[in-house]
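Both backbone and side-chain heavy atoms feed into the values below; hydrogens, waters and symmetry mates do not.
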Amino acid sequence: MIYLPPSLPCIRPLRDERHAVSEENPPRSALRILLLNLMPQKTVTEYDIARAVSHSGLHVALYPVKISGQTYKTTPVAHMERFYSDFETCDDGFYDGLVVTGAPVEQLAFEEVRYWRQLQRIMDWAVTHVRSTLYICWGAQAALYHRYGISKQLLPAKKFGVFAQTVHVNHPLTEGLFPSFPMPVSRHTALAFSEKNLAQTALPDDLILVASGEESGAGILLSGGGREVYVTGHLEYAGGTLHKEYERDCSKGLPISAPAHYYDASGRIVDSWREACRTFYRNWLTACVSPGGDSPRSV
């Protein structure tokens with residue numbers, strides 16, 4: 001069962017897909033997950049993340065939060081005020097999980113992002129107030145830069161499509177994903193790792209490369225045994241998202257190639273990562289987010 005703010009727009013399509021959704025107050029046993037949604041299409045990402053975590057078989061309560069003082073070009077102010085809380089209203093509690101999404105700012109230096117200092121404070125806060133934080137795409141790049149000084153580099157062309165990820169380590173996070181799984185990728189930058197012998201790239205002692213793609217580079221990393229998880233792609237994407245992005249970029253006259261490994265021979269979309277998404281998010285919730293060890297417990 002997933003618990004969402006009453007009347008959140010994604011509730012109806014989730015119920016249409018027969019997901020168990022509640023608009024009631026969650027029980028104390030529910031996992032409490034903050035969603036820091038930095039993506040431009042807020043409602044799309046709300047749906048994507050809610051759908052991804054709903055397959056775990058656990059009771060999960062999702063709480064959208066925002067960085068105070070920001071303006072939004074593509075999401076109505078009324079939506080943000082109704083469904084999102086300023087992060088500061090939550091920062092005195094403990095939470096089971098935090099999801100930090102990607103953002104359309106990857107071609108800016110991190111320090112040039114207008115909310116960079118606020119995001120740094122949130123990332124530092126999460127170390128002592130959240131059992132496990134999941135950073136996605138630009139969010140992963142931002143966290144790795146903040147924690148370890150790992151920079152990003154501009155790619156000669158947008159890395160766009162669905163790319164096979166080879167699993168390098170045996171960890172509860174990868175259960176059911178070995179030896180490889182597909183993952184959507186849509187970004188103009190990459191982590192500044194050596195593209196050759198990626199699995200043997202020297203990393204800080206507490207940072208582990210979990211999976212990577214021969215074509216797409218580092219895919220999933222973790223630190224603290226799963227206290228922080230970094231995913232450079234978008235397992236949460238719905239089947240048609242890459243197609244919509246492709247059409248959008250084409251309509252804007254941007255240099256873009258059709259998403260790789262995404263259409264079949266007849267041009268139909270192949271949603272090849274659906275089961276990998278369900279497996280990964282189930283693993284994250286059960287192995288990293290659920291109570292255990294010395295991690296902070298929600299109250």
Side-chain angles (χ1 to χ4, degrees), residues 1-2 4 10 13-21 31 33 35 39 44-60 62 97 99 101-102 132 134-137 139-140 159-187 209-222 226 229-246 259-290:
M1 175 73 73
I2 184 168
L4 296 171
C10 68
L14 286 170
R15 285 178 172 160
D16 289 344
E17 296 172 8
R18 299 189 177 182
H19 294 273
V21 182
L31 298 175
I33 311 294
L35 171 61
M39 293 286 276
V44 172
T45 302
E46 292 156 12
Y47 167 72
D48 285 344
I49 298 299
R51 187 189 67 252
V53 302
S54 68
H55 292 282
S56 67
L58 302 170
H59 290 285
V60 179
L62 195 64
V99 177
T101 72
S132 180
L134 174 61
Y135 295 100
I136 299 172
C137 199
K159 185 62 64 175
F160 190 48
V162 182
F163 300 95
Q165 307 294 311
T166 299
V167 176
H168 301 298
V169 298
N170 182 17
H171 186 276
L173 195 63
T174 63
E175 184 176 349
L177 296 174
F178 186 84
S180 65
F181 61 93
M183 181 168 69
V185 172
S186 177
R187 48 182 163 77
L209 181 64
V210 173
S212 66
E214 184 175 350
E215 296 180 76
S216 57
I220 300 177
L221 303 97
L222 64 82
V229 180
Y230 316 88
V231 179
T232 66
H234 289 282
L235 281 168
E236 79 283 359
Y237 267 7
T241 299
L242 292 179
H243 179 73
K244 292 176 182 177
E245 289 188 10
Y246 177 55
H261 317 302
Y262 179 58
Y263 303 110
D264 65 14
S266 62
R268 291 175 295 188
I269 295 168
V270 180
D271 185 1
S272 60
W273 65 94
R274 180 182 300 179
E275 190 56 38
C277 170
R278 295 175 179 178
T279 300
F280 173 80
Y281 276 86
R282 185 186 306 116
N283 290 349
W284 178 62
L285 289 170
T286 57
C288 302
V289 174
S290 294

Any donor-acceptor pair under 3.5 Å from [X] side chain to [Y] backbone:
{"X": "R187", "Y": "C137", "result": "no"}
{"X": "W284", "Y": "S132", "result": "no"}
{"X": "T232", "Y": "A218", "result": "yes"}

Restricting to side chain to side chain contact (heavy atoms under 4.5 Å, CB included), what partner residues turn up for [X], sequence neighbours left out?
{"X": "E175", "answer": "N283"}
{"X": "H59", "answer": "M1, Y3, A30"}
{"X": "A238", "answer": "D48, R51, T241"}
{"X": "A50", "answer": "I2, L4, C10, L14, L62"}

Check [X] against [Y] and note the closest heavy-atom contact, atom names and distance.
{"X": "Y237", "Y": "W273", "value": "O-NE1, 2.9 Å"}
{"X": "P182", "Y": "A276", "value": "O-CB, 4.0 Å"}
{"X": "L177", "Y": "L173", "value": "CD1-O, 3.8 Å"}
{"X": "F160", "Y": "L242", "value": "CZ-O, 3.3 Å"}

**With sequence neighbours excluded, residues passing side-chain hydrogen bond (donor to acceptor under 3.5 Å, both in side chains) with Y281** =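 Partners of Y281 under the side-chain hydrogen bond (donor to acceptor under 3.5 Å, both in side chains) test: none.
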**Asked** What residues, two or more places apart in sequence or in another chain, satisfy side-chain hydrogen bond (donor to acceptor under 3.5 Å, both in side chains) together with S54?
**Response**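 side-chain hydrogen bond (donor to acceptor under 3.5 Å, both in side chains) list for S54, sorted by chain: H19.
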Excluding sequence neighbours, so at least two apart, what forms ring pair (Phe, Tyr, Trp, His ring centres under 6.0 Å) with [X]?
{"X": "F181", "result": "none"}
{"X": "H171", "result": "none"}
{"X": "F163", "result": "H261"}
{"X": "Y262", "result": "none"}

**Qualifying residues under salt bridge (charged side-chain N to carboxylate O under 4.0 Å, His left out), relative to D264, sequence neighbours excluded** = R268
**Item:** Partner set under salt bridge (charged side-chain N to carboxylate O under 4.0 Å, His left out) for R282, not counting sequence neighbours
**Value:**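 Result, salt bridge (charged side-chain N to carboxylate O under 4.0 Å, His left out) vs R282: none returned.
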Can you find a pair of side-chain heavy atoms, one from [X] and one from [Y], that are under 4.5 Å apart?
{"X": "I136", "Y": "H234", "answer": "yes"}
{"X": "I33", "Y": "L285", "answer": "yes"}
{"X": "V162", "Y": "P259", "answer": "no"}
{"X": "Y263", "Y": "V270", "answer": "no"}

**Prompt:** Is there a side chain to side chain contact (heavy atoms under 4.5 Å, CB included) between I220 and V167 once you walk through the steps?
**Reply:** CA-CA 9 Å; I220 300 177; V167 176; over 6 Å; no
Would you give the length of the straight line joining atom [atom1] of [X] to atom [atom2] of [Y], rounded to the nearest 0.5 angstrom?
{"X": "E275", "Y": "H55", "atom1": "CD", "atom2": "NE2", "value": "8.5 Å"}
{"X": "F280", "Y": "T174", "atom1": "CZ", "atom2": "OG1", "value": "10.5 Å"}
{"X": "L134", "Y": "L222", "atom1": "CG", "atom2": "CG", "value": "11.0 Å"}

**Asked** Is there a donor-acceptor contact under 3.5 Å linking the side chains of S216 and Q165?
**Response**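 On atom types as modelled, these side chains qualify, holding a pair under 3.5 Å.
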**Request:** Check whether the side chains of H168 and S212 place a donor and an acceptor atom closer than 3.5 Å, and report yes or no.
**Result:** yes
**Message:** Counting only heavy atoms from other residues, nucleotides and ligands, does the tally under 6.0 Å from CZ of R274 exceed 12?
**Reply:**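 Count not over threshold, so no.
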**Prompt:** Is the number of heavy atoms from other residues, nucleotides or ligands under 6.0 Å of D16 CG greater than 12?
**Reply:**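 Counting neighbours around CG of D16, more than 12 heavy atoms of other residues, nucleotides or ligands fall under 6.0 Å, so yes.
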